[in-house]
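It should be emphasised that the depicted structure is a prediction, and the values quoted were computed from it without experimental measurement. Note on naming: letters A, B, ... go to the chains in the order of the sequence lines (proteins, then strands), and numbering restarts at 1 for each one.
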Amino acid sequence: MVNRTVEDEKLETMRHSASHIMAEAVQSIFPGAKFAIGPAIENGFYYDFDLPRPLTPDDLPVIEAKMGEIIASNTPFIREEITREEARQLFAAQPYKLELINELPENEKLSVYRQGSFLDLCRGPHVKASGEVKAFKLINIAGAYWRGDEHQPMLQRIYGVAFDTREALEEHLARLEEAKNRDHRKLGRELEIFIFDDEVGPGLPLWLPNGGAMIEEIERLAKDVEFEHGYVRVKTPHLAKEDLFKHSGHLPYYAESMYPPMELEGVRYYIKPMNCPLHHKIFASKTRSYRDLPLRIAEYGTCYRYEKSGELLGLLRVRSMQMNDSHIYCSEKQFDQEFVGVISLYLEYFKIFGIKEYYMRLSTHHPNGLGKKYVNNPELWLKTEAMVRQAMNNHNVPYYEVADEAAFYGPKIDVQIKSAIGKEFTLATNQVDFAQAERCDLKFVNEKGEEERPLIIHRAPLGTHERFVGFLLEHYAGAFPVWLAPVQVTIIPVADRHLEYAGRLESDLRSRDIRVKIDARSERMNPKIRQAQLEKVPYMVVIGDKEVEAGTVSVRLRSGEQLPPQSSDAFIETVSRIIASRSQDLK
RNA sequence: GCCAGCGUAGCUCAGUGGUAGAGCAGCGGUUUCGUAAACCGCUGGUCAAGAGUUCGACUCUCUUCGCUGGCUCCA
């Protein structure tokens, strides 16, 4: 995490004050408004209101104009300290404020800030006067539950951004605009990676041939790397009987996210939301000895989860997904090494993809969720959480800790990334499971001939194909390394008479498993180059009279760089080498 | 799921109550061209779906579906 500077603090204070100014503006426009909270956030601020009518985007310029007046008047912010009782009287008509007041410690002095006609319960600090807010813009309105709880009333939130100069604000707005060009939904359509179809259903992507090529490559990578790390691969069905998911604990802990069951001949079947119960069956298919452990069972398993409609987001949040899944069954003694082995596997993958901007999060349980979202075994929660902490510390892997984010069966290390539009996602995960072995009656025979429960590590370093490709689209802005690029080489014949030579080159490349296509349109060379550039194809090979005569190829890289004339064999060797090494370079 | 907004051709978008438009893409033709957009022509839409108001609805109202931005939730 970055150290906060004096400038950061000043900016945060200014943003917080901007939210108060917005609240004052809203108060003057909507006299009956009730106020909830209005903090500073990254790049700006928001305030939650309970208003007599819903806001529309047309309201924002009106509120902005009013804020402009308040800022121009340079009204001072005045801090007052009052007792809880005084606060109750001052905010008698403000139910949300009263709720907050009642939760503050009984004897503590409360502070309020007044600017103009607006008074707010607030710890502060604030700017001296409203004129210190220099550059702001209201950017959107949203619904937000009071206290972030879906059982509480929904309030109306207005988001704004604020900076200390007009230039900084403009830059920020330009960055937001730029980010839209990196959005995987836009790139995915332009590069023909995937589509959604209304008749197929929300959250159910269709992979186009270009996307298909990519997931084949990612899967090949996983198989290569995981083979080296001692994983064995299995295949399991997409659905199973209800009893299986009862034993595993998915019913009821995970039922909300599962597609409803289908019933045939009196038996209920569920489509699997995770692969674990089926892998556990494979573990349990014979008597396991301590000599079999650790057993690492891997599968690119297809799962379906009924995510709520409003939670779907392109490929980053879908309802059908293929997971880079594996379950590692090990003894408690082996845990440390296995857990960290998975972490180093992450790092190995991330190096290949040049993934640098991520952070690891230890997600732990919260006692309030025991028996609801978490299996009810407080001692084991604490024990396994400590084991994970120790494994991470022993190997000096930096992480931060967040409560109430665990899986229902145990704590986990999640790898968090940010999407182009700033949303945070878990890209990869490494989870400890102390619950399912018991529930599914998994055991092995230890050195002493006694039965023992294995610990289970659930891990998915490459997450799901859906989220991973979505992430890669944004990460590379569509310009994939050669081994991943859906089309690796586009051959561009200058005129029809060069088609034959181009065709021979095409079959030579294809015989070396290089994904190649010829642009045989009756177009000039320029538009063909342009087309290949737009498709972000790494290599463009121009074939004209010169090449045919000399028996060479003329190679243009996606970067715009032109390679010296070379034989087609030399070119094929270069491309094959780059692909085999999964390098991010083009030459 | 909740709040708000949006849905017009494959894509990007005009079109405010009087018989649906552009650019790109696609198709046909001319052109055979040297490193990011040649020229001419053509095709293409139940204006998301359904109901209502109206002499008349892409346009107004309601319902449903989908998408977008948030909230909640998550690989």
Side-chain angles (χ1 to χ4, degrees), chain A residues 46 48 51 54-59 139-159 180 183 185-186 189-190 192 195-199 201-203 254 256-257 273-274 303 305-319 321-325 363 373 405 407 412 414-417 421 423-429 431 458-468 470-471 492-499 521-534 540-547 554-558 560-562:
Chain A
Y46 70 78
D48 287 347
L51 301 175
L55 290 169
T56 74
D58 298 335
D59 292 315
I139 50 172
N140 54 30
I141 53 178
Y145 298 108
W146 168 233
R147 324 209 90 174
D149 181 343
E150 59 181 321
H151 305 293
Q152 299 272 11
M154 180 156 277
L155 307 171
Q156 301 193 64
R157 176 174 296 177
I158 303 177
Y159 282 97
K180 286 185 189 161
D183 190 316
R185 291 168 293 186
K186 180 168 149 67
R189 186 173 52 240
E190 288 170 357
E192 298 185 8
I195 54 160
F196 287 97
D197 183 284
D198 287 355
E199 207 167 355
Y254 206 74
E256 228 178 59
S257 300
M274 297 183 192
C303 297
R305 298 181 184 174
Y306 197 83
E307 307 290 353
K308 292 181 193 168
S309 55
E311 293 165 354
L312 302 172
L313 186 88
L315 283 182
L316 294 179
R317 190 77 183 277
V318 292
R319 286 179 174 163
M321 68 207 83
Q322 273 183 278
M323 300 181 62
N324 169 228
D325 210 355
S363 304
K373 36 194 294 210
E405 292 285 344
K412 55 181 181 171
D414 289 325
V415 179
Q416 301 298 110
I417 51 109
I421 58 170
K423 269 178 177 297
E424 186 178 313
F425 286 93
T426 299
L427 186 65
T429 187
Q431 314 178 343
H458 304 236
R459 43 108 281 180
L462 298 177
T464 62
H465 280 323
E466 288 70 18
R467 187 169 289 178
F468 203 71
F471 167 78
I492 298 174
V494 172
D496 291 350
R497 62 178 176 276
H498 309 121
L499 276 173
R521 293 176 300 162
S522 62
E523 270 292 1
R524 294 172 311 130
M525 182 199 64
N526 272 334
K528 292 182 183 182
I529 299 246
R530 177 180 146 82
Q531 183 61 32
Q533 285 288 155
L534 291 175
M540 285 150 260
V541 180
V542 175
I543 303 294
D545 290 337
K546 279 186 283 185
E547 287 74 23
S554 166
V555 180
R556 176 193 161 107
L557 304 180
R558 177 171 60 198
E561 187 183 345
Q562 185 91 25

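- Spacing of P atoms, rG21(B) relative to rU61(B), comes out at 25 Å, to the nearest Å.
- At the heavy-atom level, Leu534(A) lies under 4.0 Å from base atoms of the strands shown.
- Nucleic acid contact for Gly148(A): sugar-phosphate only, since backbone atoms but no base atoms lie under 4.0 Å from a heavy atom of the residue.
- Looking at heavy-atom distances under 4.0 Å, Lys546(A) makes contact with a base.
- Ranking rC74(B), rG34(B), rC71(B) by closeness to the Arg467(A) side chain, first place goes to rC74(B).
- Separation of the P atoms belonging to rC24(B) and rU32(B) is 23 Å when rounded to the nearest angstrom.
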Could you run down the sub-3.5 Å N/O contacts of the protein with nucleotides 27-30 of chain B?
none

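- Here Asp183(A) pairs with Arg185(A) in a salt bridge; the nearest charged N to carboxylate O distance falls below 4.0 Å.
- Rounded to the nearest Å, the gap between the C1' atom of rU46(B) and that of rA9(B) is 13 Å.
- Comparing the P positions of rG69(B) and rU64(B) gives an interatomic distance of 23 Å, to the nearest angstrom.
- Comparing the C1' positions of rG26(B) and rU54(B) gives a spacing of 40 Å, expressed to the nearest Å.
- Considering only the side chain of Val494(A), rC33(B) comes nearest among rA75(B), rC33(B), rA36(B).
- To the nearest whole angstrom, the two C1' atoms, one in rA22(B) and one in rG66(B), are 26 Å apart.
- Comparing the P positions of rC58(B) and rG1(B) gives an interatomic distance of 30 Å, to the nearest angstrom.
- Across all strands, Asp545(A) comes closer than 4.0 Å to base atoms (heavy-atom distances).
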Given Met540(A) and Lys528(A), is the side-chain contact (heavy atoms from CB on, under 4.5 Å) satisfied, shown in steps? CA-CA 9 Å; Met540(A) 285 150 260; Lys528(A) 292 182 183 182; over 6 Å; no

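- For Ser554(A), the side chain to side chain donor-acceptor pair (under 3.5 Å) partners at least two apart in sequence or on another chain are Gln562(A).
- For Asp149(A) (side chain) and His151(A) (main-chain N/O), a donor-acceptor pair under 3.5 Å exists by modelled atom type.
- Partners of Phe196(A) under the ring pair (Phe, Tyr, Trp, His ring centres under 6.0 Å) rule, at least two apart in sequence or in another chain, are Phe194(A).
- A donor-acceptor pair shorter than 3.5 Å can be found between the side chains of Asp545(A) and His498(A).
- Where Ala407(A) and Arg185(A) meet RNA chain B, the nucleotide closest to each residue was compared, and Arg185(A) sits on the side nearer the 5' end.
- With rA75(B), rG69(B), rU35(B) as the choices, the nucleotide that has an atom nearest any side-chain atom of Asn526(A) turns out to be rU35(B).
- Regarding contacts with the backbone of rA36(B), every side-chain N or O of Arg558(A) stays at 4.0 angstrom or more from both OP1 and OP2.
- With both ends at atom C1', the span from rC47(B) to rC13(B) equals 14 Å, rounded to whole Å.
- In this structure a side-chain-to-backbone donor-acceptor pair under 3.5 Å is missing from Arg305(A) to Arg319(A).
- Nearest nucleotide to the side chain of Pro202(A), out of rC67(B), rC33(B), rA75(B): rC67(B).
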Go ahead and write out RNA chain B as dot-bracket, 5' to 3': ( ) for pairs within the strand, [ ] for ones crossing earlier pairs, | when the partner sits on another strand, dots for unpaired; Watson-Crick or G-U wobble, both distances under 3.5 Å. (((((((..((((....[..)))).(((((.......))))).....(((((..]....))))))))))))....

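- Residue contacts shown for Ser257(A) are absent, as no nucleic acid heavy atom lies under 4.0 Å away.
- Residue Thr429(A) has its side chain nearest to rA75(B) when only rC33(B), rA36(B), rA75(B) are considered.
- Residue contacts for Leu557(A): at a heavy-atom cut-off of 4.0 Å it reaches no nucleic acid atom on any strand shown.
- Not counting sequence neighbours, the partners of Tyr159(A) by the ring pair (Phe, Tyr, Trp, His ring centres under 6.0 Å) test are Tyr46(A).
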Heavy-atom protein contacts under 4.0 Å, nucleotides 2-13 of chain B, coded B base, S sugar-phosphate only, - none: BBSS-----SS-

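- The phosphate of rC71(B) has OP1 or OP2 within less than 4.0 Å of a side-chain N or O from Tyr159(A).
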